[in-house]
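First the structure, in the form of C-alpha coordinates, and then the observations on it.
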Amino acid sequence: MAEIQTFSEVTLTLEALKLIAAAQTGSTITITRAAVGDGYLPDGTGAANLTKLVSEVESRKTGESGSSATVDISKMEVDGSGAQITITIKNGDTPFYLREVGIFAKGADGTEVLYAYTNAGDGAYPIPASSAASVTRVLVLGVIVSAEANVTANITYGEVTAEEFSAEIAARKAGDLAAAPFCTEAVIPADNWSLSGGKYSTEVEVEGVIDTMIPVVSIDTNSVDTADNAGMCPYAATGDGTVTFYAANAPTKDITVTIALIKTDGSADTLSSDTLTYTLPIASADTLGGVKIGDGITVAEDGTISVDTADITGTVSTEVIENVSASDEEASEAISEIMDN
(Lines give C-alpha, C1' and ligand atoms only; values in the text may rest on other atoms or scores of the structure.)
Protein backbone atom coordinates (compact mmCIF):
# COMPACT_ATOMS: atom_id res chain seq x y z
CA MET A 1 0.00 0.00 0.00
CA ALA A 2 1.14 3.57 -0.65
CA GLU A 3 1.69 6.06 2.11
CA ILE A 4 -0.99 8.30 3.55
CA GLN A 5 0.18 11.32 1.46
CA THR A 6 -1.68 9.97 -1.60
CA PHE A 7 -5.03 11.45 -0.51
CA SER A 8 -6.79 13.32 -3.28
CA GLU A 9 -7.54 17.01 -3.20
CA VAL A 10 -10.13 17.94 -0.59
CA THR A 11 -13.52 18.53 -2.20
CA LEU A 12 -16.30 20.72 -0.81
CA THR A 13 -19.74 19.14 -1.06
CA LEU A 14 -22.83 20.86 -2.43
CA GLU A 15 -24.14 21.07 1.11
CA ALA A 16 -20.96 22.91 2.11
CA LEU A 17 -21.52 25.47 -0.66
CA LYS A 18 -25.01 26.09 0.72
CA LEU A 19 -23.55 26.76 4.19
CA ILE A 20 -20.98 29.14 2.73
CA ALA A 21 -23.71 30.99 0.81
CA ALA A 22 -25.80 31.34 3.97
CA ALA A 23 -22.73 32.52 5.87
CA GLN A 24 -22.37 35.57 3.62
CA THR A 25 -24.89 37.25 5.92
CA GLY A 26 -22.65 36.59 8.92
CA SER A 27 -24.08 33.32 10.24
CA THR A 28 -21.88 30.73 11.96
CA ILE A 29 -20.38 27.62 10.39
CA THR A 30 -19.53 25.08 13.08
CA ILE A 31 -17.14 22.26 12.19
CA THR A 32 -18.67 19.46 14.27
CA ARG A 33 -16.57 16.35 13.73
CA ALA A 34 -14.34 14.30 11.44
CA ALA A 35 -14.92 10.74 10.27
CA VAL A 36 -12.91 8.07 8.44
CA GLY A 37 -13.93 5.25 6.12
CA ASP A 38 -12.58 2.48 3.92
CA GLY A 39 -14.84 2.78 0.88
CA TYR A 40 -13.93 3.53 -2.73
CA LEU A 41 -15.61 6.44 -4.48
CA PRO A 42 -18.04 4.78 -6.95
CA ASP A 43 -17.33 5.27 -10.63
CA GLY A 44 -19.26 8.21 -12.03
CA THR A 45 -19.92 9.69 -8.60
CA GLY A 46 -18.46 13.08 -7.82
CA ALA A 47 -17.26 13.73 -4.28
CA ALA A 48 -19.24 17.00 -4.26
CA ASN A 49 -22.49 15.02 -4.47
CA LEU A 50 -21.82 12.90 -1.37
CA THR A 51 -23.87 13.43 1.77
CA LYS A 52 -21.99 10.82 3.80
CA LEU A 53 -18.89 8.66 3.57
CA VAL A 54 -19.15 5.67 1.24
CA SER A 55 -18.25 3.21 4.01
CA GLU A 56 -17.73 4.97 7.31
CA VAL A 57 -15.68 3.12 9.93
CA GLU A 58 -17.11 3.03 13.44
CA SER A 59 -15.31 5.61 15.55
CA ARG A 60 -15.70 7.83 18.57
CA LYS A 61 -14.28 11.02 20.01
CA THR A 62 -11.66 10.95 22.74
CA GLY A 63 -13.40 10.74 26.09
CA GLU A 64 -16.40 8.84 24.78
CA SER A 65 -16.87 5.24 25.94
CA GLY A 66 -16.08 2.36 23.62
CA SER A 67 -13.15 0.51 22.10
CA SER A 68 -13.37 1.66 18.47
CA ALA A 69 -10.89 4.00 16.80
CA THR A 70 -10.91 7.62 17.95
CA VAL A 71 -11.16 10.42 15.39
CA ASP A 72 -10.78 13.95 16.72
CA ILE A 73 -10.48 17.46 15.39
CA SER A 74 -7.44 18.51 17.38
CA LYS A 75 -6.81 21.95 15.91
CA MET A 76 -8.23 24.52 13.47
CA GLU A 77 -6.59 27.64 12.13
CA VAL A 78 -8.67 30.09 10.06
CA ASP A 79 -6.96 32.54 7.74
CA GLY A 80 -9.29 34.66 5.65
CA SER A 81 -11.51 32.35 3.63
CA GLY A 82 -9.45 29.23 4.30
CA ALA A 83 -9.07 26.90 7.27
CA GLN A 84 -6.43 24.34 8.17
CA ILE A 85 -8.08 21.50 10.13
CA THR A 86 -5.93 18.97 11.99
CA ILE A 87 -7.41 15.50 12.49
CA THR A 88 -5.92 13.00 14.95
CA ILE A 89 -6.76 9.32 14.41
CA LYS A 90 -5.93 6.55 16.91
CA ASN A 91 -6.64 2.90 16.21
CA GLY A 92 -9.12 0.77 18.16
CA ASP A 93 -10.05 -2.89 18.46
CA THR A 94 -10.86 -3.40 14.74
CA PRO A 95 -8.37 -3.05 11.84
CA PHE A 96 -9.34 -1.02 8.78
CA TYR A 97 -7.93 0.78 5.75
CA LEU A 98 -7.76 4.56 6.10
CA ARG A 99 -9.12 5.46 2.67
CA GLU A 100 -11.83 8.12 3.23
CA VAL A 101 -11.78 11.22 5.41
CA GLY A 102 -14.77 13.49 5.85
CA ILE A 103 -15.36 16.73 7.73
CA PHE A 104 -18.86 17.47 8.98
CA ALA A 105 -20.36 20.87 9.82
CA LYS A 106 -23.64 22.59 10.62
CA GLY A 107 -25.10 26.02 10.02
CA ALA A 108 -27.68 28.18 11.74
CA ASP A 109 -30.43 25.55 11.49
CA GLY A 110 -28.35 22.98 13.39
CA THR A 111 -28.45 20.30 10.68
CA GLU A 112 -25.17 18.41 10.33
CA VAL A 113 -23.93 17.85 6.77
CA LEU A 114 -20.85 16.40 5.09
CA TYR A 115 -18.77 19.52 4.42
CA ALA A 116 -15.52 18.26 2.87
CA TYR A 117 -14.28 14.92 1.55
CA THR A 118 -11.12 13.24 0.34
CA ASN A 119 -10.32 9.67 -0.75
CA ALA A 120 -6.96 7.87 -1.09
CA GLY A 121 -8.25 5.16 -3.44
CA ASP A 122 -5.64 2.43 -3.82
CA GLY A 123 -3.27 4.46 -1.67
CA ALA A 124 -5.20 3.66 1.50
CA TYR A 125 -3.16 3.24 4.67
CA PRO A 126 -3.65 0.01 6.72
CA ILE A 127 -4.54 0.71 10.36
CA PRO A 128 -4.03 -2.40 12.56
CA ALA A 129 -6.05 -3.32 15.62
CA SER A 130 -4.68 -1.76 18.80
CA SER A 131 -3.96 -5.24 20.17
CA ALA A 132 -1.23 -5.57 17.52
CA ALA A 133 0.27 -2.08 17.77
CA SER A 134 -0.60 1.42 18.92
CA VAL A 135 -1.00 3.69 15.89
CA THR A 136 -1.69 7.41 15.66
CA ARG A 137 -2.13 9.26 12.36
CA VAL A 138 -2.40 13.03 12.02
CA LEU A 139 -3.87 14.67 8.90
CA VAL A 140 -4.05 18.36 8.09
CA LEU A 141 -6.75 19.24 5.57
CA GLY A 142 -7.20 22.62 3.95
CA VAL A 143 -10.81 23.65 3.29
CA ILE A 144 -12.55 26.79 2.05
CA VAL A 145 -14.82 28.72 4.37
CA SER A 146 -16.47 32.11 4.06
CA ALA A 147 -14.42 35.16 4.96
CA GLU A 148 -17.63 36.73 6.27
CA ALA A 149 -18.63 33.73 8.39
CA ASN A 150 -17.89 33.10 12.01
CA VAL A 151 -16.21 29.69 11.80
CA THR A 152 -15.83 27.54 14.93
CA ALA A 153 -14.89 23.91 15.58
CA ASN A 154 -15.58 21.30 18.23
CA ILE A 155 -12.04 20.54 19.38
CA THR A 156 -12.05 17.19 21.19
CA TYR A 157 -8.35 16.35 21.32
CA GLY A 158 -6.24 19.41 22.02
CA GLU A 159 -2.94 20.09 20.30
CA VAL A 160 -0.23 22.55 21.29
CA THR A 161 2.72 23.93 19.37
CA ALA A 162 6.31 23.04 20.24
CA GLU A 163 6.78 26.56 21.60
CA GLU A 164 3.69 26.27 23.82
CA PHE A 165 4.84 22.88 25.12
CA SER A 166 8.36 24.14 25.91
CA ALA A 167 6.93 27.17 27.73
CA GLU A 168 4.67 24.89 29.78
CA ILE A 169 7.58 22.64 30.77
CA ALA A 170 9.72 25.65 31.72
CA ALA A 171 6.90 27.02 33.88
CA ARG A 172 6.50 23.70 35.70
CA LYS A 173 10.23 23.41 36.34
CA ALA A 174 10.22 26.94 37.74
CA GLY A 175 7.45 25.97 40.16
CA ASP A 176 4.86 28.36 38.70
CA LEU A 177 2.42 25.44 38.37
CA ALA A 178 3.69 23.37 41.30
CA ALA A 179 0.32 22.03 42.41
CA ALA A 180 -1.07 21.29 38.95
CA PRO A 181 -0.92 17.73 37.61
CA PHE A 182 1.06 17.27 34.42
CA CYS A 183 -0.42 14.43 32.31
CA THR A 184 1.34 12.67 29.47
CA GLU A 185 1.08 9.40 27.56
CA ALA A 186 4.02 7.03 27.27
CA VAL A 187 4.75 3.68 25.66
CA ILE A 188 6.84 1.21 27.68
CA PRO A 189 8.82 -0.94 25.19
CA ALA A 190 8.72 -4.70 25.77
CA ASP A 191 12.41 -5.11 24.88
CA ASN A 192 13.88 -2.72 27.43
CA TRP A 193 13.22 -4.50 30.77
CA SER A 194 16.13 -5.70 32.90
CA LEU A 195 16.25 -8.02 35.93
CA SER A 196 17.83 -6.78 39.15
CA GLY A 197 17.25 -7.73 42.78
CA GLY A 198 14.53 -10.25 41.90
CA LYS A 199 12.36 -7.77 39.94
CA TYR A 200 12.25 -6.30 36.46
CA SER A 201 12.48 -2.59 35.78
CA THR A 202 12.66 -0.25 32.81
CA GLU A 203 13.37 3.45 32.46
CA VAL A 204 11.35 5.51 29.99
CA GLU A 205 12.31 9.02 28.90
CA VAL A 206 9.49 11.52 29.52
CA GLU A 207 10.14 15.15 28.68
CA GLY A 208 9.41 17.61 31.46
CA VAL A 209 9.62 15.16 34.37
CA ILE A 210 11.71 16.08 37.40
CA ASP A 211 12.65 13.85 40.32
CA THR A 212 10.40 15.65 42.83
CA MET A 213 7.22 14.78 40.93
CA ILE A 214 4.87 12.11 42.24
CA PRO A 215 3.73 9.76 39.42
CA VAL A 216 0.22 8.31 39.20
CA VAL A 217 0.09 5.64 36.49
CA SER A 218 -3.02 4.59 34.54
CA ILE A 219 -2.65 1.62 32.18
CA ASP A 220 -4.38 1.85 28.80
CA THR A 221 -7.29 -0.60 28.48
CA ASN A 222 -5.60 -2.31 25.54
CA SER A 223 -2.51 -2.99 27.67
CA VAL A 224 -4.20 -4.20 30.88
CA ASP A 225 -3.86 -7.93 30.11
CA THR A 226 -0.18 -7.58 29.23
CA ALA A 227 0.50 -5.61 32.42
CA ASP A 228 -1.45 -8.09 34.59
CA ASN A 229 0.35 -11.11 33.13
CA ALA A 230 3.69 -9.45 33.84
CA GLY A 231 2.69 -8.52 37.40
CA MET A 232 3.38 -4.86 36.68
CA CYS A 233 3.64 -2.71 39.78
CA PRO A 234 1.09 0.14 39.93
CA TYR A 235 3.77 2.46 41.30
CA ALA A 236 6.63 4.17 39.48
CA ALA A 237 9.64 6.32 40.30
CA THR A 238 10.63 9.63 38.72
CA GLY A 239 14.02 11.04 37.84
CA ASP A 240 15.04 14.10 35.86
CA GLY A 241 13.56 13.36 32.45
CA THR A 242 12.69 9.72 33.23
CA VAL A 243 10.04 7.50 34.80
CA THR A 244 11.00 4.01 36.02
CA PHE A 245 8.45 1.18 36.01
CA TYR A 246 8.61 -2.19 37.80
CA ALA A 247 7.20 -5.68 37.17
CA ALA A 248 7.50 -9.24 38.47
CA ASN A 249 8.15 -10.54 34.95
CA ALA A 250 9.22 -8.96 31.67
CA PRO A 251 6.11 -7.96 29.64
CA THR A 252 5.73 -9.67 26.27
CA LYS A 253 4.27 -6.59 24.52
CA ASP A 254 4.60 -2.82 24.66
CA ILE A 255 2.46 -1.22 27.37
CA THR A 256 0.76 2.14 26.89
CA VAL A 257 0.19 4.23 30.01
CA THR A 258 -1.01 7.67 30.97
CA ILE A 259 1.06 9.30 33.70
CA ALA A 260 -0.24 12.09 35.92
CA LEU A 261 2.78 13.79 37.48
CA ILE A 262 2.20 15.98 40.51
CA LYS A 263 4.98 18.32 41.54
CA THR A 264 5.33 18.92 45.27
CA ASP A 265 6.53 22.24 46.62
CA GLY A 266 7.12 21.34 50.27
CA SER A 267 4.03 23.13 51.56
CA ALA A 268 1.59 21.62 54.05
CA ASP A 269 -0.84 20.78 51.26
CA THR A 270 1.56 18.49 49.44
CA LEU A 271 2.83 15.02 50.24
CA SER A 272 5.99 14.67 52.29
CA SER A 273 8.02 11.81 53.74
CA ASP A 274 6.28 12.33 57.10
CA THR A 275 2.81 11.76 55.66
CA LEU A 276 3.96 8.63 53.84
CA THR A 277 5.51 6.88 56.89
CA TYR A 278 4.13 3.40 57.63
CA THR A 279 4.85 1.31 60.74
CA LEU A 280 4.42 -2.45 60.44
CA PRO A 281 2.52 -3.82 63.49
CA ILE A 282 3.77 -6.84 65.47
CA ALA A 283 1.93 -10.01 64.54
CA SER A 284 -0.39 -11.58 67.11
CA ALA A 285 -3.28 -14.05 67.18
CA ASP A 286 -5.61 -11.19 66.22
CA THR A 287 -3.33 -8.88 64.19
CA LEU A 288 -1.63 -9.47 60.85
CA GLY A 289 1.88 -8.07 61.11
CA GLY A 290 5.61 -8.71 61.14
CA VAL A 291 7.66 -11.31 63.01
CA LYS A 292 11.38 -11.83 63.66
CA ILE A 293 13.29 -14.99 62.75
CA GLY A 294 14.45 -16.90 65.84
CA ASP A 295 16.85 -19.79 66.52
CA GLY A 296 16.59 -22.88 64.34
CA ILE A 297 14.99 -20.99 61.41
CA THR A 298 16.83 -19.58 58.39
CA VAL A 299 15.76 -17.29 55.51
CA ALA A 300 17.32 -17.65 52.05
CA GLU A 301 18.10 -14.70 49.74
CA ASP A 302 14.88 -15.28 47.81
CA GLY A 303 12.80 -15.15 51.02
CA THR A 304 12.34 -18.92 51.48
CA ILE A 305 12.02 -19.89 55.17
CA SER A 306 13.60 -23.20 56.31
CA VAL A 307 13.57 -25.03 59.64
CA ASP A 308 16.62 -26.92 60.98
CA THR A 309 15.02 -30.29 61.81
CA ALA A 310 18.15 -31.53 63.58
CA ASP A 311 17.82 -28.83 66.24
CA ILE A 312 14.12 -29.53 66.71
CA THR A 313 14.65 -33.33 67.01
CA GLY A 314 17.40 -32.85 69.55
CA THR A 315 15.26 -30.56 71.67
CA VAL A 316 12.25 -32.89 71.67
CA SER A 317 14.38 -35.99 72.39
CA THR A 318 15.97 -34.33 75.38
CA GLU A 319 12.60 -33.38 76.84
CA VAL A 320 11.29 -36.94 76.41
CA ILE A 321 14.35 -38.50 78.02
CA GLU A 322 14.24 -36.08 80.93
CA ASN A 323 10.55 -36.72 81.55
CA VAL A 324 10.49 -40.52 81.16
CA SER A 325 13.51 -41.70 83.14
CA ALA A 326 12.27 -44.54 85.45
CA SER A 327 10.44 -47.74 84.65
CA ASP A 328 9.15 -48.86 81.24
CA GLU A 329 5.59 -48.55 82.55
CA GLU A 330 6.13 -44.92 83.59
CA ALA A 331 7.81 -44.20 80.27
CA SER A 332 4.84 -45.64 78.38
CA GLU A 333 2.41 -43.56 80.40
CA ALA A 334 4.45 -40.38 79.77
CA ILE A 335 4.61 -41.02 76.04
CA SER A 336 0.86 -41.73 75.90
CA GLU A 337 0.20 -38.46 77.71
CA ILE A 338 2.34 -36.54 75.25
CA MET A 339 0.62 -38.16 72.28
CA ASP A 340 -2.82 -37.40 73.69
CA ASN A 341 -1.94 -33.71 74.10
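For this chain, numbers begin at 1 and follow the sequence in order. None of the values given here were measured: they were computed from a predicted structure.
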Gap separating the [atom1] atom of [X] from the [atom2] atom of [Y], nearest 0.5 angstrom:
X	Y	atom1	atom2	value
K106	I31	NZ	CD1	11.5 Å
D93	S131	CG	OG	8.0 Å
L53	D38	CG	CG	9.5 Å
F245	E203	CZ	CD	10.5 Å
T28	L19	OG1	CG	11.0 Å
T111	K18	OG1	NZ	11.0 Å

Fill in: Evaluation steps, side-chain contact (heavy atoms from CB on, under 4.5 Å), between I255 and V187
CA-CA 6 Å; I255 295 175; V187 176; over 6 Å; no
Practice prompt. Go through the steps for L114 and T51 under the test side-chain contact (heavy atoms from CB on, under 4.5 Å), then give the verdict.
Written response: CA-CA 5 Å; L114 179 60; T51 57; 5.5 Å; no
Kindly indicate whether the side chain of [X], heavy atoms from C-beta on, has any atom under 4.5 Å from the side chain of [Y].
X	Y	value
I73	I85	yes
V138	T86	yes
Y40	V54	no
T118	T11	no
R137	I127	yes
T242	V206	no
I89	L98	yes

Taking atom types as modelled, find out whether [X] and [Y] have a side-chain donor-acceptor pair closer than 3.5 angstrom.
X	Y	result
E100	Y117	yes
T32	E112	yes
D211	T238	no
N222	S130	yes
D220	T256	no
T88	D72	no

Fill in: K52: partners by salt bridge (charged side-chain N to carboxylate O under 4.0 Å, His left out), with sequence neighbours left out
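Checked K52 against salt bridge (charged side-chain N to carboxylate O under 4.0 Å, His left out); zero matches.
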Taking a hydrophobic cluster as the set of Ile, Leu, Val, Met, Phe, Trp and Tyr residues connected by side-chain heavy atoms closer than 4.5 Å, whether directly or through intermediates, do [X] and [Y] fall within one such cluster?
X	Y	value
M76	V71	yes
Y246	V243	no
L14	I20	yes

Side-chain donor/acceptor of [X] to backbone N/O of [Y], under 3.5 Å:
X	Y	answer
S59	T70	no
R99	G121	yes
R60	S68	yes
E64	K61	yes
S223	T226	no

For a quick test of reading the model, state the closest non-hydrogen atom pair linking [X] to [Y] and the distance between them.
X	Y	value
A230	A247	O-CB, 3.7 Å
A236	P215	O-CG, 3.3 Å
A116	V10	CB-CG1, 3.7 Å
A129	P95	N-CB, 3.8 Å
P128	N91	O-ND2, 2.9 Å

Practice prompt. Could you note down all residue pairs passing side chain to side chain donor-acceptor pair (under 3.5 Å) where residues 186-201 supplies at least one of them, sequence neighbours left out?
Written response: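 Qualifying pairs: N192-T202.
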Worksheet entry | From CA spacing to verdict: side-chain contact (heavy atoms from CB on, under 4.5 Å), L41, L50 | CA-CA 9 Å; L41 190 63; L50 294 177; 3.7 Å; yes
Practice prompt. Could you please spell out the steps behind the side-chain contact (heavy atoms from CB on, under 4.5 Å) verdict for I87 and V101?
Written response: CA-CA 9 Å; I87 302 170; V101 179; 3.7 Å; yes
